[in-house]
There are 2 protein chains.
Amino acid sequence: MTKKTQRTERRSDALSKERIVEAAIEILDAEGENALTFRALAARLATGAGAIYWHVADKSELLTAATDHIIGRIMLDADGGPEDGIRAVAIGIFDAIDAHPWVGAQLSREPQQLAMMQIFESVGGRLQALGVAEGAQFDAASALVYYILGAAAQNAANARLSLAGGDRSASLAGIAARWAQLDPARFPFIHKVAPHLPEHDDRAQFLAGIDLLLAGIAAVQRGT
Amino acid sequence: MTKKTQRTERRSDALSKERIVEAAIEILDAEGENALTFRALAARLATGAGAIYWHVADKSELLTAATDHIIGRIMLDADGGPEDGIRAVAIGIFDAIDAHPWVGAQLSREPQQLAMMQIFESVGGRLQALGVAEGAQFDAASALVYYILGAAAQNAANARLSLAGGDRSASLAGIAARWAQLDPARFPFIHKVAPHLPEHDDRAQFLAGIDLLLAGIAAVQRGT
DNA sequence: ACCTGAACACCGTTCAAGT
DNA sequence: ACCTGAACACCGTTCAAGT
């Protein structure tokens, strides 16, 4: 019969690393990497800037945790046979970085973080299932992971540009225009390719690269 | 017969973009990315911080110019047949980033810079010489460039770690130790691979990845 | 144990003033 | 035209002080 029970709502939101990371992700997604400051984060969490340091060592740990959070979720639902599994992992990462460009930058900044290890493990394990020779597995896994991260970082950077200047097809057209300005004598290949850029599908091209690597791995395996 | 000609030595070193970029490269190489500030740069050039802005728009342009400077030199001396030329370009970039880790980070940050275009052109042109079908050239070139940049960024990050903690083999051993601590049930592949890490050769592994891609490109070409 | 918020040291960048 | 250096706005991080 206590009428004045815990009417104070008990701030269900006592600060925690998890809540901090979630708020950081919201800021990163909505306003980009530059907008994530401890002051902005503290304001959003309605606390002092210093409070965050009780739960998180520094900004680097915050970004690492945010990246692990995103990638960790992805890695759960990659399925299918070994080859398709590798494609699924790759596409999962690609789409995650499309949705959260800052993840791409962070992955290539901090190679020892858990997210990287998960990617490496899930690719490597599937290569084993694919029957790749023991001695070749490490190199093959590295190649796939390097490729995935390289594409990820590039896409993150391009997304950053698009964020600044309009939509995707507009910014592709802008890039094509810049390419066309390069000296044709010095850059013949780029000139030949530039017109195809606006119609070009990042995601399909990314997958094509994965398939090239898988084809190379298969070719080496059968001794071609 | 003017005795007091220009005895003032005429500071042969009037500020210029080129001198600024060179000084920036020296700081980046010697003390890392964090050490490059406009104040440090001004001090080294014996001028005011603001003077630099007369020659360079901002820090981003400075890093872009420094990166273009390094990569531009590399691209001149890649030689050999088309396949070997691609390997030479790749190894040139790898070694450049080994010597200047900050280049690796910068390349994946600014994909539209001249250095990237040169890499793309020199890889793409050689694919054409290799006889890769028109429609497959763009994807193949992208795959190679993504891979090269991904490996570059990872190596840059690892070099940053080594710079902090001792030499390369020591830091590889450190990484192997961290890998061994991961849960073996969740990370069986990493556990199998960890012991091979200390004896492992970054550069050879990087080249192995290039060869996988070239093998894949060849396989697709002959329709396998 | 956890939070507050002022303070510190340090940035990139600008700009009035000099030559 | 080019340089100087103080000033501005803004960081990450620390820490004495509170509850």
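Numbers restart at 1 for each chain; the letters A, B, ... are given by sequence-line order, proteins then strands.
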message: Could you go through Leu36(B) and Glu31(B), starting from their C-alpha distance and side-chain angles, then the distance that decides it, and tell me whether this counts as side-chain contact (heavy atoms from CB on, under 4.5 Å)?
response: CA-CA 8 Å; Leu36(B) 181 66; Glu31(B) 306 171 65; over 6 Å; no
message: Test salt bridge (charged side-chain N to carboxylate O under 4.0 Å, His left out) on Lys17(B) and Glu61(B); report intermediate values, then the result.
response: CA-CA 11 Å; Lys17(B) 180 162 176 180; Glu61(B) 184 185 313; 2.9 Å; yes
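A distance of 8.5 Å separates NE2 of His191(B) from CD of Glu121(A), quoted to the nearest 0.5 Å. A distance of 9.0 Å separates CH2 of Trp102(A) from CD of Glu33(A), quoted to the nearest 0.5 Å.
In this structure, Leu45(A) atom CG and dC2(C) atom C1' are separated by 14 Å, rounded to whole Å.
Remark: dC10(D) base-pairs with no nucleotide in the shown strands. Criterion, Watson-Crick or G-U wobble with two distances under 3.5 Å. With a cut-off of 3.5 Å on both pairing distances, dA17(C) has no Watson-Crick or G-U wobble partner at all.
Using a 3.5 Å distance cut-off with no hydrogens or angles, the side chains of Gln106(A) and Arg109(A) do pair a donor with an acceptor. Side-chain N/O atoms of Thr64(A) and Gln113(A) include no donor and acceptor closer than 3.5 Å.
Distances shown here put a side-chain N or O of Trp54(A) below 4.0 Å from the OP1 or OP2 atom of dC2(C).
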- line: For nucleotides 5-19 of chain D, 5' to 3', base contacts (B), sugar-phosphate-only contacts (S) and non-contacts (-) with protein non-hydrogen atoms under 4.0 Å give B-B---BBBB-----
